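First the structure, in the form of C-alpha cells, and then the observations on it.
Keep in mind that this is a model prediction, so the values were computed, not measured.
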Amino acid sequence: QLQASGGGLVQAGGSLRLSCAASGRSISSGTMGWFRQAPGKEREFVAGFRWGGGTSTSYADAVKGRFTFSRDNAKRTVYLQMNSLKPEDTAVYYCAHTPARMVLSAIPTPTSYDAWGQGTQVTVSS
C-alpha cells in the first residue's frame, strides 16, 4: 500500500529526494512518518507530518535543517528532500502511515503506524 523509492548512492554533501506513493489508502489525513534503519541499529525516526488542525511537521535533531517533508495530495505521494547528506545518513529509509492524527509525542514511535513501505536504500559515501 506504500511504495518508497528514490534511494541511491550519493557523495557526502549531495542530495536525494525520496518518494512514498500510496495505493488503496488515503494519505491526505492522519499522520505520515519517515524512518530509517542502519545495519545493526534500531529503526529511528526521521520526519513526521500530521494533517488537520494544527498541522505540523517534526524532524529528528540529526536531520533538522537538512531534510524537508512535503506532500502532493493529488498524487497520493509524500516526499523527503534530503540535502547536505552525510555518511551517517546511510540507511534503509521507510515511509509509514496511520489514519490516526497522533499526538505529537507519538509521531516518532514506529509502533504508532499501521502501514509501512518496503524501504529504499540510501548510501552516502565520504
List in chain and number order the residues that pass side chain to side chain donor-acceptor pair (under 3.5 Å) with [X], two or more places apart in sequence or in another chain; answer none if no residue qualifies.
X      : value
Ser28  : Ser26
Tyr93  : Arg36
Gln81  : Asn83
Thr123 : Gln121

Which pairs with one or both residues in residues 5-29 pass ring pair (Phe, Tyr, Trp, His ring centres under 6.0 Å), sequence neighbours excluded? none

Please list, chain by chain and in numerical order, all residues satisfying salt bridge (charged side-chain N to carboxylate O under 4.0 Å, His left out) with Lys41, sequence neighbours excluded. none

Partners meeting salt bridge (charged side-chain N to carboxylate O under 4.0 Å, His left out) with Arg66 (sequence neighbours left out):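 Scan of Arg66 (salt bridge (charged side-chain N to carboxylate O under 4.0 Å, His left out), adjacent residues dropped) gives Asp89.
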
Is any side-chain heavy atom of [Y] closer than 4.5 Å to one of [X]?
X      : Y      : value
Arg71  : Tyr79  : no
Trp34  : Phe69  : yes
Leu104 : Ser56  : yes
Val92  : Thr120 : no
Leu80  : Thr68  : no
His97  : Thr31  : no
Val46  : Phe67  : yes

Can you give me the closest heavy-atom contact between [X] and [Y], atom names plus distance?
X      : Y      : value
Ala106 : Ser112 : O-OG, 3.1 Å
Gln1   : Ala115 : OE1-CB, 4.4 Å
Ala91  : Ala38  : CB-N, 3.8 Å
Val122 : Met82  : CG2-CE, 3.8 Å
Ser19  : Thr77  : CB-CG2, 4.2 Å
Leu9   : Ser125 : CD1-CB, 4.4 Å

Thr109 side chain to Thr111 backbone, donor-acceptor under 3.5 Å: no

Quick one: salt bridge (Lys or Arg N to Asp or Glu O under 4.0 Å) pairs with a partner in residues 117-126, sequence neighbours left out? none

Could you name each residue pair satisfying salt bridge (Lys or Arg N to Asp or Glu O under 4.0 Å) that touches residues 5-33, not counting sequence neighbours? Arg25-Asp114

Can you list every pair that meets disulfide bond (SG atoms under 2.5 Å apart) and has a residue in residues 87-126, with sequence neighbours left out?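 For residues 87-126: Cys20-Cys95.
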
Residues which pass side chain to side chain contact (heavy atoms under 4.5 Å, CB included) with Ala60, listed by chain and number, not counting sequence neighbours: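 Testing Ala60 for side chain to side chain contact (heavy atoms under 4.5 Å, CB included), a comparison that skips the adjacent residues, returns Phe45, Val63.
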
Ala96 meets the side chain to side chain contact (heavy atoms under 4.5 Å, CB included) criterion, sequence neighbours left out, with Phe35, Tyr113, Trp116

Distance col, row Leu85:CG vs Thr90:OG1, nearest 0.5 angstrom, shows 8.5 Å

